[in-house]
Trainee: 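First the structure, which I've put down as structure tokens, then a few questions once you've had a look.
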Amino acid sequence: DGGGCDGGCPQCCAMQRAVARKMKEYVAARRARNGNSELLFVLAGGDNFYWTGAQAGRFQRTWRDVYGELAEVPWFAVMGNHDYG
């Protein structure tokens, strides 16, 4: 679930950061095995932003600060039940 950081769910933030860390490790491992490996996009599978919505500054704290360099490629998001709130 994305949007946990700064979204009123401290345990969700820890889980979101753990997933982001694994994603970064995966990209780094691929690059180590193949110097030509390049991350082209990220597919986000639902529950991306939650019902608290997008507010000024929240996008930075809930997404860019969490995913860092992964935020530099296009993200294709599929809406989940929490995105419809």
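Hydrogens, waters and symmetry mates are skipped; everything else that's a heavy atom, side chains included, is used.
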Trainee: Would you say that Glu69 contacts Val27 through its side chain, given a criterion of any heavy-atom pair below 4.5 Å between the two side chains?
Mentor: no
Trainee: Kindly give the heavy-atom pair with the smallest separation between Ser37 and Arg31, and that separation in Å.
Mentor: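 The pair with the smallest heavy-atom distance is O-CG, 3.8 Å.
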Trainee: I want to check something: taking the side chain as every heavy atom from C-beta on, are Arg21 and Lys24 in contact at a cut-off of under 4.5 Å?
Mentor: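 Counting from C-beta outward, Arg21 and Lys24 never come under 4.5 Å.
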Trainee: Do Val19 and Val73 sit in one hydrophobic cluster, given that two such residues count as connected whenever their side-chain heavy atoms are within less than 4.5 Å of each other, even indirectly?
Mentor: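 Same hydrophobic cluster.
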Trainee: Just verifying a value: how many Å separate Tyr26 OH and Leu70 CG, rounded to the nearest 0.5 Å?
Mentor: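 Output value for this atom pair is 12.0 Å.
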Trainee: Would the distance check show the side chain of Gln16 and the main-chain N or O of Thr62 forming a donor-acceptor pair, the cut-off being under 3.5 Å?
Mentor: yes
Trainee: Between Phe41 and Leu39, which heavy-atom pair has the shortest distance, and what is it?
Mentor: O-CD1, 3.4 Å
Trainee: Report the distance from atom CH2 of Trp75 to atom CH2 of Trp63, rounding to the nearest 0.5 Å.
Mentor: 6.0 Å
